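Shown below is the structure under consideration.
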There are 2 protein chains.
Amino acid sequence: MSAVREGGLPFRLTRQRRAILEEVRAAGGHPRAADIFLQVRRREPRLAYATVYNTLHLLARHGLIQSFDFGEGASRFDPRTDRHDHLACRNCGRLVDVEIDLGQAARRLQEETGFSVEAYHVEVRGLCPGCQRAEGD
Amino acid sequence: MSAVREGGLPFRLTRQRRAILEEVRAAGGHPRAADIFLQVRRREPRLAYATVYNTLHLLARHGLIQSFDFGEGASRFDPRTDRHDHLACRNCGRLVDVEIDLGQAARRLQEETGFSVEAYHVEVRGLCPGCQRAEGD
DNA sequence: CTGAGATTTAGACCAGATATAAAAACATCA
DNA sequence: TGATGTTTTTATATCTGGTCTAAATCTCAG
Ligand SMILES: [Mn+2]
Ligand SMILES: [Mn+2]
Ligand SMILES: [Zn+2]
Ligand SMILES: [Zn+2]
């Protein structure tokens, strides 16, 4: 019988992994893998890029963080682990956490389509207050 | 004063562009740029890949088609031009058009956050009927 | 200690997407 | 109709996020 790991996780929370997880939490937003890499690298100069990718996906797969794709090329990682939605500024890219309850609609879809609905994510786009002011065209 | 182009478009609807647009419509789903390229190439053997990319984005920018990113790497193009949402099978990737009205929630968000909300898109994930049957693990 | 398995490193590799420059197609008008 | 400027296409190089691999390193139960 193997010893219980920290937090009962099915993988080792090594120095590198812990640093990556803490950086996602400390970043205070929705950082990209490259952001994490550059930041953690200052404490762990030998850290490899692949380790960041692998770890971020590992952490996401096990629910310690979430990963979102807003079609910008790079994924955005999120320290929040609960279901929630996002409001994105089309000008500056700022991401704000929001909450939209679609329980009703989800059940309706399930009946209408035969799909078993497991999750949903709403992406709302617009202009943040700052960018509204700056815009005139 | 320049002559009015077909449909009053601000660009020429050339043989290649027309073929690409028609293929998006004929594909009957949510094709990728590569799908369009391979298909149109059978009628236009000299068609370049870049022309497909440029044209798809051109058509999307001018509202003749839509473009969606489901985080699969390649974008999905859509002959529908009206706002709508998508139900995606996490197993086979099948995409079904659905409609979810978020007008109420959008107005609420606008007030709460100060953002001017311009658009939204709901991505619902689950298992399609076929894949439900095939799954047992 | 020691060896098997887990993890990290370093760098090659892949695909979608984008940029560029030259060639070709097209529109306009003398 | 032929000259000329503009738009579009082609062909190819380049960029970038992401993935893969193999060797080195680490960890821990025995
Ligand atoms: Mn978030
Ligand atoms: Mn659609
Ligand atoms: Zn903004
Ligand atoms: Zn399916």
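Small disclaimer: the values here were computed from a predicted structure and weren't measured. Because only heavy atoms are used, hydrogens play no part in the values below, and waters and symmetry mates are left out as well, while side chains stay in. Lettering of chains follows the sequences in order, A, B, ..., and the numbering in each one begins at 1.
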### Message
If the cut-off is 4.0 Å, is Y53(A) near the phosphate of dG18(D), judged by side-chain N/O to OP1 or OP2?
### Response
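Yes, such a contact exists.
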
### Task
Mind calculating the distance between CG (D69(A)) and P (dT16(D)) to the nearest angstrom?
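Computing the D69(A):CG to dT16(D):P distance gives 18 Å.
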
### Query
Is there side-chain contact between V24(B) and L59(B), with heavy atoms separated by less than 4.5 Å?
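A side-chain contact under 4.5 Å is absent here.
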
### Task
Establish, yes or no, whether the cationic atom of R41(A) lies under 6.0 Å from the six-membered ring centre of Y49(A) and within 45° of the ring axis.
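No, cation not above the ring by the 6.0 Å, 45° rule.
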
### Message
If you compare every side-chain N and O of H57(A) against the phosphate oxygens of dT19(D) (OP1, OP2), does one of them come in below 4.0 Å?
### Response
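Yes, because at least one side-chain N or O of H57(A) sits under 4.0 Å from OP1 or OP2 of dT19(D).
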
### Query
Rounded to whole angstroms, how far apart are CG on L56(A) and P on dT19(D)?
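Going from L56(A) (CG) to dT19(D) (P), I get 11 Å.
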
### Task
Would you indicate what R17(A) reaches in the nucleic acid, counting non-hydrogen atoms under 4.0 angstrom: base, sugar-phosphate, or nothing?
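Sugar-phosphate, no base atom in range.
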
### Query
Just how far, in rounded Å, is C1' of dG17(D) from CZ of R32(A)?
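About 12 Å, once rounded to whole Å.
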
### Query
Taking DNA chain C as the partner, which of residues 40-52 of chain A come within under 4.0 angstrom of it by heavy atom?
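R46(A), L47(A), A48(A), A50(A), T51(A), in order of number.
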
### Query
Should the pair F70(B) and H86(B) be assigned to parallel (<30°), tilted (30 to 60°) or perpendicular (>60°) ring geometry?
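Correct class here is perpendicular.
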
### Task
Consider the side chain of A33(B), meaning its heavy atoms from C-beta on, and name the nucleotide among dT10(D), dA17(C), dT19(D) that approaches it most closely.
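Comparing dT10(D), dA17(C), dT19(D) against the side chain of A33(B), the answer is dA17(C).
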
### Atom-pair distance (CZ on R12(B); C1' on dT6(D)), nearest Å
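Rounding to the nearest Å, CZ of R12(B) and C1' of dT6(D) are 7 Å apart.
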
### Task
Can you tell me the distance, in whole Å, between the CG atom of N54(B) and the C1' atom of dT20(C)?
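After rounding, the gap between these two atoms is 11 Å.
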
### Query
Does any non-hydrogen side-chain atom of F77(B) lie less than 4.5 Å from one of H57(B)?
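Counting from C-beta outward, H57(B) and F77(B) do come under 4.5 Å.
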
#### Entry: Nucleotide dA17(C), atom P - distance to CZ of R76(B) in whole Å
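Taking CZ of R76(B) and P of dA17(C), I get 12 Å after rounding.
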
### Query
L38(B) CG to dA15(C) P: how many Å, rounded?
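The distance from CG of L38(B) to P of dA15(C) comes to 13 Å, rounded to the nearest Å.
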
### Message
With clusters defined by side-chain heavy atoms of hydrophobic residues (ILVMFWY) lying less than 4.5 Å apart, directly or transitively, does Y53(A) cluster with I65(A)?
### Response
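In one cluster with I65(A): Y53(A), yes.
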
### Message
Just checking R80(A): does its CZ atom have more than 12 heavy atoms from other residues, nucleotides or ligands closer to it than 6.0 angstrom?
### Response
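Atom CZ in R80(A) is packed in, count exceeds 12.
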
### Query
Are the ring centres of H30(B) and F68(B) closer than 6.0 Å?
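No, ring centres 6.0 Å or more apart.
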
### Query
Looking at dT27(D), dT8(C), dC26(C), which one has an atom nearest to any side-chain atom of Q16(A)?
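The nucleotide sitting nearest to the side chain is dT8(C).
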
### Message
At less than 4.0 Å, is any side-chain N or O atom of S75(B) found next to OP1 or OP2 of dG16(C)? Yes or no.
### Response
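Indeed not, no polar side-chain atom of S75(B) lies that close.
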
### Query
How many Å lie between CZ on F70(B) and C1' on dG16(C), as a whole number?
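Taking atom C1' of dG16(C) as the reference, CZ of F70(B) is at 17 Å.
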
### dT27(D) phosphate, OP1 or OP2, under 4.0 Å from T14(A) side-chain N/O
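No, because none of the side-chain N or O atoms of T14(A) sits under 4.0 Å from OP1 or OP2 of dT27(D).
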
